[in-house]
2 protein chains.
Amino acid sequence: MKDVAAHARVSLGTVSNVLNRPELVSERTRKRVLTAIGELGFVRNESARQLRGGSSRTLAYVVLDTSNPFFTDVARGVQDAADAAGLALFLCNSGEDRERQAAYLDLLEQQRVEGVLITPVDAADPRLTALARRGTPVVIVDRGAGPAHCSVTVDDMLGGDLAVTHLLDTGHRRIAFVGGPRMIGQVGDRIAGAERAVDRAGTGELTVLETARPNVAEGRRAGERLAGLPAAHRPTAAFCANDLLALGLLQQMVRLGLRVPDDMAIVGYDDIEFAEAAAVPLTSVSQPRYLLGRTAAELLLAEARGDGAHDHEQLVFAPELVVRASTRLIPVSRRA
Amino acid sequence: MKDVAAHARVSLGTVSNVLNRPELVSERTRKRVLTAIGELGFVRNESARQLRGGSSRTLAYVVLDTSNPFFTDVARGVQDAADAAGLALFLCNSGEDRERQAAYLDLLEQQRVEGVLITPVDAADPRLTALARRGTPVVIVDRGAGPAHCSVTVDDMLGGDLAVTHLLDTGHRRIAFVGGPRMIGQVGDRIAGAERAVDRAGTGELTVLETARPNVAEGRRAGERLAGLPAAHRPTAAFCANDLLALGLLQQMVRLGLRVPDDMAIVGYDDIEFAEAAAVPLTSVSQPRYLLGRTAAELLLAEARGDGAHDHEQLVFAPELVVRASTRLIPVSRRA
DNA sequence: CGTCTTTTATGAAACGTTTCAAAGGGTGAG
DNA sequence: CTCACCCTTTGAAACGTTTCATAAAAGACG
């Protein structure tokens with residue numbers, strides 16, 4: 001900037017004014033400075049700017065797993081909200097790795113981002129509370145939060161309830177829940193919702209098949225386990241904690257010669273794009289992904305921009321069941 | 001930091017030494033300073049650090065489309081390489097939007113990132129050359145580059161050739177290429193490869209069905225157009241520019257009652273995770289995605305860390321054909 | 001033509017670090 | 001007891017901006 005000033009024969013302050021409050025500078029001078037900037041290929045140093053200005057005009061979203069399409073949709077919502085507010089978005093992928101997440105949080109705090117959106121590896125990470133206490137607003141995405149943060153979630157218990165109620169309604173009695181690890185709050189909630197549906201119906205039984213991670217490979221493995229059971233005891237329907245699991249399960253069923261939905265009905269969760277394109281289009285619980293991200297970012301902005309007082313909100317969205325071919329009414333004659 | 005110094009009754013310089021060269025500081029003092037840091041919840045200001053130190057310890061990857069699984073795999077490779085080098089990774093999603101890409105490039109240059117990996121919206125963006133000329137190393141990912149940059153690509157002509165050669169070998173003569181827009185260099189190369197295969201075989205004909213974008217929806221639309229043709233003239237095989245298109249096409253075929261591969265064989269491109277989980281597991285051209293990202297990042301690091309002289313390399317990886325159920329040898333008796 | 005007001009430009013301070021030359025304090029050798 | 005040397009610690013400069021009080025220039029007015 002000093003070079004620019006020299007080149008345009010003005011003072012440092014004037015160059016800064018051209019950049020930040022051009023209306024204070026005369027037409028002639030402004031042009032001269034802009035020309036100098038062009039000729040020298042000057043690029044503002046954001047660090048210095050930030051150091052002096054105090055704010056970074058940057059937001060961050062720490063994603064749990066970039067390769068899960070659910071989160072990329074959420075990210076689009078976040079992106080749009082950030083764009084609308086004129087903020088840049090730093091996307092970080094923790095890859096479900098606690099350490100990497102911690103490293104990112106440290107880094108982001110050091111960068112003085114204006115706020116952090118995060119789908120954390122552990123629901124209640126003390127690090128997040130500490131971060132918020134020190135002044136960086138934090139909004140938890142797709143996970144419940146204590147009163148210390150805003151959060152945006154979808155009602156997983158309701159989702160589980162919808163899914164299993166649908167299975168019970170279509171005539172299933174032996175139902176498997178496939179998902180895990182169970183300690184993930186969400187998974188627990190979906191199980192609870194599933195159990196609530198069974199209890200309310202007063203009939204049917206729920207078996208939980210826990211998986212190590214919610215991905216296609218684990219879905220396949222679960223499929224193998226289910227297919228291995230004698231048909232008489234085998235669940236006739238599976239409710240999966242997400243669509244990746246459901247697709248894996250579906251694929252394994254097809255591979256092992258079990259028919260979907262006749263031998264095994266499947267309900268997934270998330271309604272990702274591929275749910276519809278699956279071998280048998282997948283019945284799934286749909287979450288308002290884009291809206292989730294967008295709303296989360298808006299909450300964060302409100303907290304970051306708001307002056308002082310702020311009440312943390314815990315927003316809960318309602319999921320919807322999308323029925324497709326992977327579930328179907330069992331004729332009464334064929335019921336167990 | 002001043003507060004920490006006061007709290008620990010040492011000078012500013014000592015605090016800095018504790019942080020950066022702890023071996024210079026006596027055990028006792030170091031402990032005292034660390035305690036003060038803990039008590040005050042001090043967090044380094046990265047901007048100031050960077051301003052003084054000159055380097056940002058940050059890399060950026062400007063992704064063309066986060067929701068395309070191809071790029072998330074590439075991103076994993078980039079991520080790992082960045083981690084290994086102790087650098088943070090800034091993931092940006094241009095969403096195929098020229099303006100957003102430009103905005104990100106400006107932002108990143110202002111942030112003084114150590115280097116930029118990018119899959120650009122346009123192959124030859126003068127902005128990229130300018131960026132590199134001003135000192136920010138740029139590596140082009142999955143797109144060819146002029147001699148001004150390093151680049152990492154996969155041989156798309158070879159990929160197209162492999163796919164169509166496979167279709168010709170399995171007995172197909174009327175082959176459709178589904179993909180677009182054609183002006184994307186990659187698409188052009190795949191078409192060229194496909195034509196090369198046809199020419200070499202001296203038999204068969206290739207029809208190009210151009211799509212507006214390479215996604216599932218467009219794949220479905222292409223499927224509709226193909227299915228609408230009279231069976232006598234309809235291509236018996238389709239080679240799609242990517243798996244999203246192929247999955248859309250497959251889905252539409254199934255929906256319209258055409259059998260895959262009997263009525264329509266399909267070859268996709270990218271071999272994404274869902275290719276295998278599709279209604280009919282998809283034959284696809286597999287690209288070394290992870291390696292692509294990792295190598296790109298390594299090239300970038302070499303350029304960024306290297307002192308001065310650097311020869312730009314254009315690395316080309318070879319794709320592989322993965323044969324699955326969506327293509328099958330046509331019995332000689334049934335050939336046209 | 002002087003005075004007052006408005007517009008435009010300037011210079012210095014401040015932001016929070018890192019770095020480096022130099023000062024201070026011990027220790028051991030002579 | 002003195003000197004030299006090593007280990008610690010210190011203080012100040014520098015990084016590249018923004019901001020603000022102030023100076024200079026330019027108009028406006030009587």
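A, B, ... follow the sequence lines: proteins, then strands. Residue 1 opens every chain. All heavy atoms count here, side chains included; hydrogens, waters and symmetry mates do not.
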Checklist outcome for this item: Contacts of S16(B) and V10(A) projected onto DNA chain C by closest heavy atom; the upstream (5') one is V10(A)
Item to check | Within residues 107-116 of chain A: residues closer than 4.0 Å to DNA chain D (heavy atoms) | outcome: none
Checklist entry - What are the two closest non-hydrogen atoms of Q50(A) and Q111(A), and how far apart are they? => result NE2-O, 3.0 Å
Checklist entry - With D83(B), which residues qualify under side chain to side chain donor-acceptor pair (under 3.5 Å), at least two apart? => result R100(A)
Checklist outcome for this item: The side-chain contact (heavy atoms from CB on, under 4.5 Å) partners of I184(A) (sequence neighbours excluded) come to R143(A), P181(A), Q186(A), V187(A)
Next on the checklist: So which atom in P147(B) and which in Q314(B) form the shortest heavy-atom distance, rounded to 0.1 Å?
Outcome noted: CA-NE2, 4.1 Å
Item to check | Residues that V63(A) engages under side-chain contact (heavy atoms from CB on, under 4.5 Å), provided they are two or more places apart | outcome: Y61(A), F71(A), L91(A)
Next on the checklist: What is the distance, to the nearest angstrom, from the NZ atom on K2(A) to the C1' atom on dT10(C)?
Outcome noted: 16 Å
Checklist entry - If you take all heavy atoms of S56(B) and R112(B), which pair is closest and at what distance? => result OG-O, 2.8 Å
Next on the checklist: Using salt bridge (charged side-chain N to carboxylate O under 4.0 Å, His left out), reason through R98(A) and D125(A) one step at a time and then give a plain yes or no.
Outcome noted: CA-CA 10 Å; R98(A) 222 177 309 275; D125(A) 192 328; over 6 Å; no
Checklist outcome for this item: salt bridge (charged side-chain N to carboxylate O under 4.0 Å, His left out) filter on R44(B), not counting sequence neighbours, yields none
Item to check | Sugar-phosphate, base or nothing in reach of S26(B), heavy atoms under 4.0 Å | outcome: sugar-phosphate
Checklist entry - Who passes side-chain contact (heavy atoms from CB on, under 4.5 Å) against T136(A), sequence neighbours left out? => result E109(A), V113(A), V116(A), L131(A)
Checklist entry - Taking atom P of dA22(C) as reference, at what distance in whole Å does atom CG of L24(B) sit? => result 18 Å
Item to check | Nucleotides bounding contact with chain B, strand DNA chain D, heavy-atom threshold 4.0 Å | outcome: dT8(D) to dG16(D)
Next on the checklist: If I take atom CZ in residue R21(A) and atom P in nucleotide dA9(C), what distance separates them, rounded to the nearest angstrom?
Outcome noted: 13 Å
Checklist entry - To the nearest 10 degrees, what angle separates the axes at the start and end of the helix from dC1(C)-dG30(D) to dG30(C)-dC1(D), five pairs each? => result 50°
Checklist outcome for this item: residues 60-74 of chain A vs salt bridge (charged side-chain N to carboxylate O under 4.0 Å, His left out), sequence neighbours excluded, gives D73(A)-R76(A), D73(A)-R289(A)
Checklist entry - Under a 4.0 Å heavy-atom cut-off, which of residues 39-55 of chain B touch DNA chain C? => result F42(B), V43(B), R44(B), N45(B), A48(B), R49(B), R52(B)
Checklist entry - What residues form a side-chain contact (heavy atoms from CB on, under 4.5 Å) with T153(A), not counting sequence neighbours? => result V316(A)
Checklist outcome for this item: When L12(A) and R30(A) are each assigned the nearest nucleotide of DNA chain C, the 5'-most assignment goes to R30(A)
Item to check | Taking every non-hydrogen atom, the tightest pair across I140(B) and A145(B) | outcome: CG1-CB, 3.6 Å
Checklist outcome for this item: Across all chains, not counting sequence neighbours, the side chain to side chain donor-acceptor pair (under 3.5 Å) partners of T35(B) are none
